[in-house]
Amino acid sequence: MYNTILYIVVIMIVIYGAFFYITYQRRKKLLDVMEHLDMDEEARQAPVYKDKMLGTEFDFVRKQLGDQPADAFTYANMQYTGKDQAKDIAKDTLKGLATLGTVKFRTMQTPKYLVLSGGALHLMDTDTDGDITKHLVFEPFRLQQARIEEKPLSGMAKAQAKFGKFDLKLYKLYLPSEGGEIVLDVYNMLLFNFATSGANALTMSPHKQVENIVVANHFLHVLGQQYPHLRVPTAIPFKA
């Protein structure tokens, strides 16, 4: 019994050690890539990266737009406070009690997508299967009343915020709507939530991460070009 437990502990240590080593090596390689990156060339490649993504892993976003153009896009995440988390825990607990504990429920935060199209901003929500369940459109007159501000990073995101020439930043985007103000968290990288997707980002190839950075910064650039009061600094030197 003791030997079995010892073997399990050793195997777990080896697995975790291998994971952290691979993650460290990928981050080291990314830092090297970012340090020698031609930022002007990456800025020119932004539309190419965007169209490639919308034609492959994000084709459902383009399909949702129909014939409307996708000028820029990025991930977003609905503001999720401690109070919201407490409500979800209580709700999941009640659901579990209803099944006499035979099923454990856990409310999942799912990614949202922001797409700029001809001056309008589309907000698409998804379910746990990745299907779009809600599609809101913010017309220019509402975006004129929107605002954006940088939010300080914390935890793992803060510790991993530096990637050579690139600094990870998080913004709060406030969108007025008929039902009240919608508050979204938006990174300058294709992340909807660092806690759940940050680790996956660190295991991506450096080139894929560069594409994610360029596309997310391109969205912020286009947003600021169309609505100067929503302009924020970008890590990529896009031309006006």
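All values reported here derive from a predicted model rather than from experimental measurement.
- Put simply, Val48 and Met189 are part of two different groups of oily side chains (I, L, V, M, F, W, Y) that touch within less than 4.5 Å, one to the next.
- Once rounded to the nearest 0.5 Å, the distance linking CD of Gln225 with CG of Leu116 reads 11.5 Å.
- Between atom OH of residue Tyr171 and atom OG1 of residue Thr74 there is a gap of 11.5 Å, rounded to the nearest 0.5 Å.
- Listed for the Asn217 side chain is a donor-acceptor partner under 3.5 Å among the backbone atoms of Ile213.
- Separating the CD atom in Gln64 from the CD1 atom in Ile132 is a distance of 4.0 Å, to the nearest 0.5 Å.
- Between Thr126 and Pro111 the shortest heavy-atom distance is OG1-O, 2.5 Å.
- Leu114 CG to Leu175 CG: the interatomic distance, rounded to the nearest 0.5 Å, is 7.0 Å.
- Distance check, rounded to the nearest 0.5 Å: CG of Asn212 to CE of Met53 gives 4.5 Å.
- Residues satisfying the side-chain hydrogen bond (donor to acceptor under 3.5 Å, both in side chains) test with Glu149, not counting sequence neighbours, are Tyr174.
- Of all non-hydrogen atoms in Ala120 and Val137, the two that sit nearest each other are CB-CG1, 4.1 Å.
- Residues meeting the side chain to side chain contact (heavy atoms under 4.5 Å, CB included) test with Val61, sequence neighbours left out: Leu54, Phe58, Tyr113, Val115, Met124.
- With sequence neighbours excluded, the residues satisfying side chain to side chain contact (heavy atoms under 4.5 Å, CB included) with Asp51 are Arg62.
- Looking at Asp125, its side chain never comes within 3.5 Å of a backbone N or O of Lys134 through a donor-acceptor pair.
- The ring-ring contact (aromatic ring centres under 6.0 Å, His included) pairs that include a residue from residues 131-151 are His122-His135, where partners are two or more places apart or lie in different chains.
- Closest approach of Ala76 to Leu184, counting heavy atoms only: CB-CD1, 4.2 Å.
- Within the 4.5 Å cutoff, no side-chain heavy atoms of Gln45 are placed close to those of Lys52.
- Contact between Gln68 and Ser117 at its shortest, heavy atoms only, is CB-OG, 3.5 Å.
- Contact record, Pro176 with Ala146: CD-CA, 3.8 Å, taken as the closest heavy-atom pair.
- The main-chain N or O of Asp185 is never found under 3.5 Å from a side-chain atom of Tyr75 such that the two would form a donor-acceptor pair.
- A distance-only check finds a donor-acceptor pair linking the side chain of Lys50 to the backbone of Ala70 [under 3.5 Å].
- At a threshold of 4.5 Å between non-hydrogen side-chain atoms, the residues Leu191 and Leu168 count as touching.
- Residues meeting the side chain to side chain contact (heavy atoms under 4.5 Å, CB included) test with Thr56, sequence neighbours left out: none.
- Annotation for Ala43 and Pro237: closest pair CB-O, 3.8 Å, computed over non-hydrogen atoms.
- Here the NE2 atom belonging to His229 is positioned 8.0 Å from the CG atom belonging to Leu223, to the nearest 0.5 angstrom.
- Residues His221 and Lys239 form no side-chain contact, since every pair of their non-hydrogen atoms from C-beta on lies 4.5 Å or further apart.
- Residues Lys112 and Leu123 have side chains in contact (heavy-atom distance under 4.5 Å, counting atoms from C-beta outward).
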Check: Run the side chain to side chain contact (heavy atoms under 4.5 Å, CB included) check on Gln145 and Glu181 step by step: do they pass?
Finding: CA-CA 10 Å; Gln145 305 168 46; Glu181 193 171 57; over 6 Å; no

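- Residues forming a side-chain hydrogen bond (donor to acceptor under 3.5 Å, both in side chains) with Tyr49 (at least two apart in sequence, or on another chain): Glu42.
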Next item on the list: Start with the C-alpha gap between Arg44 and Glu41, add the side-chain angles, then the distance that decides, and say whether salt bridge (Lys or Arg N to Asp or Glu O under 4.0 Å) holds.
Entry: CA-CA 5 Å; Arg44 288 189 288 270; Glu41 177 59 24; 2.9 Å; yes

